[in-house]
Amino acid sequence: MTEAENKFVSLSESEVAQRLFDAGSVLVLFHINPDGDAIGSAFALKHTLLSLGKSAWCICASEAPERLLFALSDSQESVLPSSIPEGMEFDLVVSVDTASPSQLGDLYEIYKDKIDIMIDHHGKGTPYADNYVLPGASSCGEVLCLVIDRLLSMAKAEMPKRVSELIYTAISSDTGCFRYSNVSPSTHILAARLIESGVDGADINHRLFGIKSLKQMQVEHAGFERMNFYSGGRIAIITFPYDLKAQYGATDENLETLVDVARCVKGVEVAAVIKQPTEENKFRVSMRSSCDFDVSEICAHYGGGGHVRAAGCTLTSDSILAAEMTVVVAVEQRMQDEASKNES
Ligand code: AMP
Ligand code: MN
Ligand code: MN
């Protein structure tokens with residue numbers, strides 16, 4: 001950690017709850033290209049605060065994907081900064097599920113000196129504010145629930161059903177419907193408590209995992225055809241250049257599940273998808289590991305981060321092929337280093 005990062009302190013759950021308790025109005029930020037954990041956590045916090053008579057608003061550098069719009073319903077039509085009601089001011093700015101400044105996109109320039117607290121669960125990233133981070137937790141939703149429980153008990157209030165649903169959405173989303181290794185006994189205990197309080201888990205999971213748009217499936221098919229294997233099938237990489245995205249008329253949301261196509265092939269230990277969101281030579285890398293191979297170390301080396309088994313970064317390269325080679329070389333090198341470590 002650099003000296004600049006060191007200036008931020010780790011907060012306890014009760015310190016975070018106290019700061020929220022004392023605030024009248026809170027702005028909640030979350031990461032660009034938001035997933036269910038980011039949106040579920042942000043809106044769970046918003047609706048907790050609203051239930052306590054405070055005001056709150058949630059924003060992100062990119063719009064919420066269609067499949068997660070249910071989390072916003074009757075609350076906000078948009079999550080772009082331009083959606084903040086005119087004249088609304090904030091006593092506290094909190095980010096959720098966002099490990100690095102780069103994940104804040106354009107919000108970072110606007111809010112960099114104004115972010116009071118980050119609430120997160122990523123093991124690798126670059127802190128940009130005082131923080132409450134539990135890297136062992138399945139999701140930001142699980143971390144946030146500890147804060148919300150504390151805040152509600154300070155206010156002697158019950159958790160609104162909508163908050164329970166949003167926390168369940170966050171947890172299920174980041175655990176791949178409770179399938180990944182980030183699920184712990186406490187994750188299941190919390191999910192059980194939420195279901196017991198009336199959350200319809202089957203409905204939420206169907207929305208999150210049971211439905212795909214036709215476009216998404218066409219993109220997955222195209223990605224499958226473009227999949228390259230390396231190291232005898234231990235590494236699978238799909239590249240998705242901008243011209244292909246344009247040809248399919250695909251949105252960034254349509255490309256979200258491409259990495260799962262590469263990840264689930266038998267024998268693949270490390271899967272990566274390299275996307276080119278715009279014509280610029282900036283390539284968004286999503287990496288997944290199905291073993292103890294730490295993809296967050298590789299992503300952190302390129303300014304990104306994440307978790308051992310799921311991480312991301314952005315590479316600036318001459319071409320998407322050059323970006324693919326950078327990823328292949330980095331993964332193969334690390335695989336070799338780990339093999340020699342295990343031999344000695
Ligand atoms: P993605 O491949 O974009 O779904 O990201 C996989 C995981 O890595 C998620 O938990 C992300 O929040 C995290 N992640 C992605 N990009 C970054 C970054 N630049 N810094 C820190 N964490 C990241
Ligand atoms: Mn996320
Ligand atoms: Mn998360």
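Numbers for residues simply follow the sequence, beginning at 1. For ligands, and for the atoms within them, numbers begin at 1 and follow the listed sequence.
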Undergrad: Identify the closest protein heavy atom to atom 20 (N) of ligand 1: which residue and atom is it, and at what distance?
TA: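 Result: S100 OG, 2.9 Å.
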
Undergrad: Heavy-atom contacts under 4.0 Å between S286 and ligand 1: side chain, backbone, both, or neither?
TA: both

Undergrad: Run the salt-bridge test on K212 and D260 with the 4.0 Å N-O cut-off and return the result as yes or no.
TA: no

Undergrad: May I ask you to check whether F178 and Y168 place their ring centers less than 6.0 Å from one another?
TA: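 Ring centres of Y168 and F178 closer than 6.0 Å.
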
Undergrad: Can you list the steps and then say if S186 with S184 is a side chain to side chain donor-acceptor pair (under 3.5 Å)?
TA: CA-CA 5 Å; S186 66; S184 67; 2.9 Å; yes

Undergrad: Considering the heavy atoms of H307, write down every atom of ligand 1 situated less than 4.0 Å from one of them.
TA: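 Ligand 1 atoms under the 4.0 Å threshold to H307: 10 (O).
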
Undergrad: Work out which heavy atom in P127 is nearest to a heavy atom in G125; give both atom names and the distance.
TA: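 Heavy atoms only, the tightest pair is CD-O, 3.8 Å.
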
Undergrad: Do D97 and ligand 1 have an N or O pair less than 3.5 Å apart?
TA: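 No; every N/O pair is 3.5 Å or more apart.
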
Undergrad: Pick one of side chain, backbone, both or neither for how R288 approaches ligand 1, counting any non-hydrogen atom pair under 4.0 Å.
TA: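 The answer is the side chain.
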
Undergrad: Out of all atoms in ligand 1, which are within 4.0 Å of some heavy atom of A311? Include the element for each.
TA: 2 (O), 6 (C), 7 (C), 8 (O)

Undergrad: For E256 and ligand 1, answer yes if some heavy atom of the residue is under 4.0 Å from a ligand atom, otherwise no.
TA: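 Checking ligand 1 against E256, which is what was asked, there is no heavy-atom contact under 4.0 Å.
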
Undergrad: Report, in ascending order of atom number, the atoms of ligand 1 lying under 4.0 Å from any heavy atom of A310.
TA: 6 (C), 7 (C), 8 (O)

Undergrad: I'd like to know if the side chain of D116 reaches the main chain of V93, judged simply by a donor and an acceptor atom lying under 3.5 Å from each other, with no hydrogens or angles considered.
TA: yes

Undergrad: Taking 4.0 angstrom as the limit and counting only heavy atoms of S102, give me the atoms of ligand 1 inside it, by number and element.
TA: 19 (N)

Undergrad: If you measure every N/O of G305 against every N/O of ligand 1, is any gap under 3.5 Å?
TA: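 Yes, since at least one N or O of G305 sits under 3.5 Å from an N or O of ligand 1.
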
Undergrad: Salt bridge or not between K341 and D337? Use side-chain N to carboxylate O under 4.0 Å.
TA: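 Answer for the salt bridge query: no.
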
Undergrad: Any donor-acceptor pair under 3.5 Å linking the side chain of S62 with the backbone of N33?
TA: yes

Undergrad: In the protein, which heavy atom is nearest to atom 3 (O) of ligand 1, and how far is it?
TA: R284 NH2, 3.0 Å

Undergrad: Under 4.0 angstrom from ligand 1, any heavy atom of G125?
TA: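 Heavy atoms of G125 never come under 4.0 Å of ligand 1.
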
Undergrad: What closest approach, in Å, do A310 and V295 show between heavy atoms, and which atom pair accounts for it?
TA: N-CG2, 3.8 Å

Undergrad: Using atom types as modelled and distance alone, determine if a side-chain donor or acceptor of D130 lies under 3.5 Å from a backbone N or O of V9.
TA: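 Side chain of D130 to backbone of V9: a pair is present.
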
Undergrad: Please table the atom pairs, donor to acceptor, closer than 3.5 Å between any side-chain atom in residues 79-87 and protein atoms at least two apart or in another chain.
TA:
unit_1 : atom_1 : unit_2 : atom_2 : d
S83    : OG     : W57    : NE1    : 3.0
S83    : OG     : S78    : O      : 3.3
S83    : OG     : L80    : O      : 2.7

Undergrad: Check ligand 1 against H122 and write out every atom of the ligand that is under 4.0 Å from a heavy-atom position of the residue.
TA: 9 (C), 10 (O), 11 (C), 12 (O), 13 (C)

Undergrad: With sequence neighbours excluded, what pairs up with R334 under the side-chain contact (heavy atoms from CB on, under 4.5 Å) test?
TA: F293, D294, E297, I298, E338

Undergrad: In total, how many protein N/O/S atoms does one find closer than 2.8 Å to the Mn ion (ligand 2)?
TA: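 For the Mn ion (ligand 2), the figure is 4.
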
Undergrad: Just which atoms of ligand 1 are under 4.0 Å from any heavy atom in A99?
TA: 21 (C)

Undergrad: Do any side-chain atoms of residues 236-245 form donor-acceptor pairs under 3.5 angstrom with protein atoms, and if so which ones, sequence neighbours left out?
TA:
unit_1 : atom_1 : unit_2 : atom_2 : d
T239   : OG1    : R226   : NH2    : 3.1
K245   : NZ     : D252   : OD1    : 2.7
K245   : NZ     : P277   : O      : 2.8

Undergrad: Do NZ/NE/NH1/NH2 and the carboxylate oxygens of D149 and R193 come within less than 4.0 Å?
TA: yes

Undergrad: With nothing but distance in play, are any N or O atoms of G306 less than 3.5 Å from an N or O of ligand 1?
TA: yes

